[in-house]
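Here's the structure we're looking at; comments come further down.
What you see below is based on every heavy atom in this structure, not just the backbone, and it leaves out hydrogens, waters and symmetry mates.
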Amino acid sequence: MRRSSLLAAAIMAVSAPAFAADPAPVVAAEHAFAKSVGDRGVRDGFLAHMADDAVVFSPDAMNAKTFFTGRPPGKAPKDGGTLLTWWPTFAGLAASGDLGFTTGPAEADGKRFTHYFTVWKRQADGGWKWVYDGGVQNDASHDPGPGAPVSSLSPGQGGGSFAEVEAAETALAKAALTDQAAAYRAALAPDAHVQGSPGVPAASPDAVKAEIATRGPTAAFARLGGEASQAGDLAWTYGIAAIDASKHYVRIWRRGPDGWRIVYDQVL
């Protein structure tokens, strides 16, 4: 009897259905983050919303608190400082509601110059802090304004582990040493978003193919860190991307019926 119950539970875990998770919590966290920076200035606004173990690239991966604490306070926009603002246009959240991301255009004093990307993690007190924040300078002129609806990532399937994500990253890195485009074809989900070049971020299969082609024939990837959601349906990773020069990557992986696939890929 007990053996049958355990077997049934194992089958249910493996075939766990996909549940849509409304990304509203991370969208709200992103808006609060942007407002804080607008009210307080870049350094203090960023420090107020980051986790203790948050990561930024400057130019190599480093602790975000160490980086921002070492910066001068600067001026808040109301005191004549630069008004840095941004808003999400695409977001995703794990079924367990503990890990998510948002991305969208950013402006400096009203001039669009980049697409930001933020990875969010729910904290022990139920609040949200970012564990990664970065961006790629590219064409953000065609993005909708702050009031536009935010598109949501399609749900994944729970029951996975970060060890599986690590294995997927290892396979991608090995294949990319000889054929980067083929490596990505095997790893990307059909609805993946990809950014890295100065152009518009790629959000369709044809655009993604063209974006990957800008990165050259081969690449050497080395993972530095990341984490999976408690549900095992979503994960983020970051690391070194030696393509034409030393760069870095950040990825969001989603687990589906065919395993883990990349749904967001950023090369800086």
Side-chain angles (χ1 to χ4, degrees), residues 23 26 53-57 60-61 64 88 90-94 98-104 115-121 130-136 138 152-157 160-177 180-197 201-203 205 207-209 211-216 218-229 231-243 246-256 258-268:
V26 289
D53 58 350
V55 174
V56 292
F57 297 122
D60 296 325
F90 178 52
L93 183 67
D98 60 320
L99 185 69
F101 70 91
T102 78
T103 184
H115 280 84
Y116 81 87
F117 179 59
T118 311
V119 180
W120 291 92
K121 183 179 178 181
W130 60 263
V131 291
Y132 167 77
D133 184 80
V136 174
N138 55 16
S152 301
L153 178 71
S154 298
Q157 181 172 303
S161 68
F162 193 64
E164 294 169 346
V165 178
E166 292 176 310
E169 287 246 329
T170 298
L172 169 60
K174 182 178 180 180
L177 289 172
Q180 183 173 195
Y184 269 109
R185 281 197 301 272
L188 288 168
D191 58 345
H193 290 219
V194 176
Q195 69 170 193
S197 73
V208 167
K209 181 179 179 180
E211 174 67 32
I212 296 299
T214 68
R215 300 183 181 181
T218 63
F221 296 116
R223 187 181 59 83
L224 297 175
E227 188 176 6
S229 68
D233 62 331
L234 204 69
W236 81 286
T237 59
Y238 68 95
I240 298 169
I243 301 176
S246 180
K247 299 183 180 181
H248 294 87
Y249 71 83
V250 183
R251 298 177 181 134
I252 297 290
W253 293 80
R254 180 188 61 201
R255 185 175 181 268
D258 57 347
W260 289 93
R261 295 288 182 268
I262 298 169
V263 290
Y264 194 91
D265 182 275
Q266 178 191 76
V267 167
L268 300 94

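- Defined by atom type and a distance below 3.5 Å, a donor-acceptor pair is present between the side-chain atoms of Trp253 and Glu169.
- Using a 4.5 Å heavy-atom cutoff, the side chains of Leu234 and Leu153 are in contact.
- Residues Val131 and Tyr238 form no side-chain contact, since every pair of their non-hydrogen atoms from C-beta on lies 4.5 Å or further apart.
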Determine, stepwise, if the pair Tyr116 / Thr102 fulfils side-chain hydrogen bond (donor to acceptor under 3.5 Å, both in side chains).
CA-CA 8 Å; Tyr116 81 87; Thr102 78; 2.7 Å; yes

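- Note that the CZ atom of Arg223 and the OG1 atom of Thr170 stand 7.0 Å from one another [nearest 0.5 Å].
- Ion pair Asp233/Arg255 not flagged as a salt bridge, since none of the NZ, NE, NH1 or NH2 atoms sits closer than 4.0 Å to an Asp/Glu carboxylate oxygen.
- With hydrogens and angles disregarded, no donor-acceptor distance shorter than 3.5 Å links the side chain of Glu164 to the backbone of Trp260.
- Nearest heavy atoms, Arg215 versus Val267: NH1-CG2, 3.3 Å.
- One distance of note links OG1 of Thr118 with CG of Asp133; it measures 4.0 Å at 0.5 Å rounding.
- Looking at every heavy atom in both residues, Asn138 comes nearest to Ser197 through CB-O, 3.4 Å.
- With contacts defined as side-chain heavy-atom distances shorter than 4.5 Å, the pair Thr237/Tyr249 qualifies.
- Minimum interatomic distance between Ile252 and Phe117 (heavy atoms only, all atoms of both residues): CG1-CZ, 3.5 Å.
- For the pair Leu268 and Lys247, the tightest heavy-atom approach, listed with the atom from each and the gap, is O-CB, 2.9 Å.
- The closest side-chain donor-acceptor pair between Tyr132 and Gln266 falls under 3.5 angstrom.
- Residues Leu172 and Arg251 are in side-chain contact: their nearest non-hydrogen atoms beyond the backbone lie under 4.5 Å apart.
- Side-chain contact between Val250 and Phe57 is present, with heavy atoms from C-beta onward closer than 4.5 Å.
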Test side-chain contact (heavy atoms from CB on, under 4.5 Å) on Ile240 and Asp60; report intermediate values, then the result.
CA-CA 9 Å; Ile240 298 169; Asp60 296 325; over 6 Å; no

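- Note: Tyr264 and Phe101 have tilted aromatic rings, judged against thresholds of 30 and 60 degrees for the angle between ring planes.
- Between Thr218 and Leu177, every side-chain heavy-atom pair lies at or beyond the 4.5 Å cut-off.
- Of all heavy-atom pairs spanning Gln180 and Gly216, the tightest one is NE2-O, 3.0 Å.
- We find that Arg254 and Asp191 are joined by a salt bridge, their nearest charged nitrogen and carboxylate oxygen being less than 4.0 Å apart.
- The shortest non-hydrogen separation linking Ala235 to Phe162 is CB-CD1, 4.4 Å.
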